[in-house]
There are 2 protein chains.
Amino acid sequence: MFRIDPLSRQPVYEQLIEQLEKLVLTGLLPADSQLPSVRSLSLELSINPNTIQKAYSDLDTRGIIYSVPGIGCFVAKNAAEVLQAHMRRKLDSLRQLADDLALAGIPEEELIDCIHTIYKERGVTL
Amino acid sequence: MFRIDPLSRQPVYEQLIEQLEKLVLTGLLPADSQLPSVRSLSLELSINPNTIQKAYSDLDTRGIIYSVPGIGCFVAKNAAEVLQAHMRRKLDSLRQLADDLALAGIPEEELIDCIHTIYKERGVTL
DNA sequence: TAGGTGTACTATGTCGGGTAGTACACCTTG
DNA sequence: CAAGGTGTACTACCCGACATAGTACACCTA
């Protein structure tokens, strides 16, 4: 269900968060569907339970999931909407990146082609 | 000459590297122009000399600058070319970002507009 | 010779990430 | 009721990256 790279610069708990968010956005994890328990996921990924909890706790704070003590963690009703609104902030990263590439003399057409290709693939796979 | 944010998540030495690279790409630091000395820059930015040296050492390893012991550090002849080639790897980051935004349902036109605006501004300022 | 330059080295402190272990409260199931 | 699963909280510890502090060396120029 998850692919974790312990050698990555990116913290494990962030990798978990990103992958869970993508599962929600793709619809593979619908609203109210139950997430793997902290302990089971800990065993499956050979990761400390505290690391899993850190990821779950962050998602819970942001309203992506909700937890019921004694029962488990579940995807929030409007998780996808929250994520979509949150993703909009990534447009700033896009601007920063485009600015760097423009500065390096990489032609605008090259960036446009990149994006067009990505959206074409997404449009097909979805 | 430099703006350093000690509170940033990004390490100080990386901030230095990025700003120096941009000065080279914009042509404000031509080939063979001398960089501020480790000690003077250390005083100016209130940063430990070791941190400055770490940045310089990294740039030297990558062929962006060259150092002459007893004299100083200078911009390499083909620094701009090296940086432009290196920047091309950022296109992967662009793809990753576009993929995320596509997944979040942000329309392609919005990304295209972003990039077009950036390149328009760059075209004017240069 | 004096002062500036890059370079190297050790020691120290801080912080984030991660692990280890324990404990508690809750719910479901037998 | 008892057992086992669930989320949650807490302390302690380790490790690496980052940064600082201080010292020292070799080099070049004025």
Side-chain angles (χ1 to χ4, degrees), chain A residues 1-20 24 29 31-77 79, chain B residues 1-20 24 29 31-77 79:
Chain A
M1 193 171 186
F2 297 97
R3 293 185 304 109
I4 298 299
D5 177 16
L7 303 179
S8 168
R9 292 185 179 186
Q10 193 180 27
V12 173
Y13 79 96
E14 283 189 8
Q15 296 182 41
L16 266 178
I17 290 173
E18 283 194 1
Q19 293 186 31
L20 268 167
V24 170
L29 275 182
D32 292 324
S33 61
Q34 187 168 7
L35 300 176
S37 79
V38 171
R39 290 175 180 81
S40 65
L41 197 54
S42 165
L43 291 178
E44 178 187 340
L45 303 178
S46 300
I47 293 174
N48 192 279
N50 293 329
T51 304
I52 311 287
Q53 194 204 343
K54 187 171 186 178
Y56 279 12
S57 173
D58 180 90
L59 289 166
D60 181 71
T61 301
R62 287 158 49 209
I64 311 297
I65 68 177
Y66 63 92
S67 61
V68 185
I71 308 292
C73 287
F74 306 86
V75 176
K77 310 252 183 196
Chain B
M1 193 172 187
F2 297 96
R3 294 185 304 108
I4 298 299
D5 177 17
L7 303 180
S8 167
R9 291 185 179 184
Q10 193 180 27
V12 173
Y13 80 97
E14 281 189 11
Q15 296 182 43
L16 266 178
I17 290 174
E18 283 194 2
Q19 293 186 33
L20 268 167
V24 170
L29 275 182
D32 293 324
S33 61
Q34 187 168 7
L35 300 177
S37 78
V38 171
R39 289 176 181 80
S40 66
L41 197 53
S42 165
L43 290 177
E44 179 187 340
L45 303 178
S46 301
I47 293 174
N48 191 279
N50 293 330
T51 303
I52 312 287
Q53 194 203 344
K54 186 170 186 178
Y56 280 12
S57 173
D58 180 89
L59 290 167
D60 180 71
T61 302
R62 286 158 49 209
I64 311 298
I65 68 177
Y66 63 93
S67 61
V68 185
I71 306 293
C73 287
F74 306 86
V75 176
K77 309 252 182 195

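In what follows, chains carry the letters A, B, and so on, assigned in the order in which the sequence lines appear, proteins first and then strands, with residues in each chain numbered from 1. Predicted model, so just to flag it, every value in this text is computed and none were measured.
Computed from coordinates, the Ile71(B) CD1 to dA30(D) C1' distance equals 12 Å when rounded to whole Å. For Leu7(A) and dG16(D), the CG to C1' distance is 14 Å, given to the nearest whole Å. The separation between Gln34(B) atom CD and dG4(C) atom P is 14 Å, rounded to whole Å. Atom CG of Leu16(B) is separated from atom P of dT20(D) by 10 Å (rounded to the nearest Å). Whole-Å rounding puts the Asp58(A) CG to dG7(D) P distance at 16 Å. One atom, CG of Asp60(B), and another, C1' of dT7(C), lie 11 Å apart when rounded to the nearest Å. Rounded to an integer number of Å, the gap from Ile4(B) CD1 to dT20(D) P is 10 Å. Between the CG atom of Leu41(A) and the P atom of dG18(C) there is a distance of 14 Å, given to the nearest Å.
Side-chain contact check for Leu16(B) versus Ile4(B): some heavy-atom pair is nearer than 4.5 Å. Side chains of Asp32(A) and Tyr66(A) form a contact here, defined as non-hydrogen atoms less than 4.5 Å apart.
Side-chain proximity of Cys73(B) to the nucleotides dG17(C), dG7(D), dT7(C) is greatest for dT7(C). The side chain of Gln53(A) has dT8(D) as its nearest neighbour among dT8(D), dG7(D), dC18(D).
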Any N/O pairs under 3.5 Å between the protein and nucleotides 19-23 of chain C? List them or say none.
from    : atom 1 : to       : atom 2 : distance (Å)
dT19(C) : OP2    : Asn48(A) : N      : 3.2
dT19(C) : OP2    : Thr51(A) : OG1    : 2.8
dA20(C) : N7     : Asn48(A) : ND2    : 3.4
dA20(C) : N7     : Asn50(A) : ND2    : 3.3
dA20(C) : N6     : Asn50(A) : ND2    : 2.7
dG21(C) : O6     : Asn50(A) : OD1    : 3.4
dG21(C) : O6     : Asn50(A) : ND2    : 3.3

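Proximity of Tyr13(B) to the phosphate of dA19(D): no side-chain N or O atom is located under 4.0 Å from OP1 or OP2. Put simply, Ser67(B) has no side-chain N or O that comes within less than 4.0 Å of OP1 or OP2 on dT5(C). Note on Lys54(A): every side-chain N or O is 4.0 Å or more away from OP1 and OP2 of dG18(C).
Glu18(A) and Gln10(A) make their closest contact through OE2-NE2, 3.0 Å (heavy atoms, listed as atom of the first residue, atom of the second, distance). Closest heavy-atom contact between Ile64(A) and Ala79(A): O-CB, 3.3 Å. The two residues Arg3(A) and Gln15(A) make their nearest non-hydrogen contact at O-OE1, 4.1 Å.
With hydrogens and angles disregarded, a donor-acceptor distance shorter than 3.5 Å links the side chain of Thr61(A) to the backbone of Ser57(A).
Of the residues near DNA chain C, Pro11(A) and Leu35(B), the one whose nearest nucleotide (by heavy atom distance) lies more toward the 5' end is Leu35(B). Along DNA chain D, the nucleotide nearest Gly72(A) and the nucleotide nearest Val68(B) are compared for position; the residue whose nucleotide lies closer to the 5' end is Gly72(A).
Ion pairing of Arg62(A) with Asp58(A) is present here, as a side-chain N (NZ or NE/NH1/NH2) and a carboxylate O approach within less than 4.0 Å.
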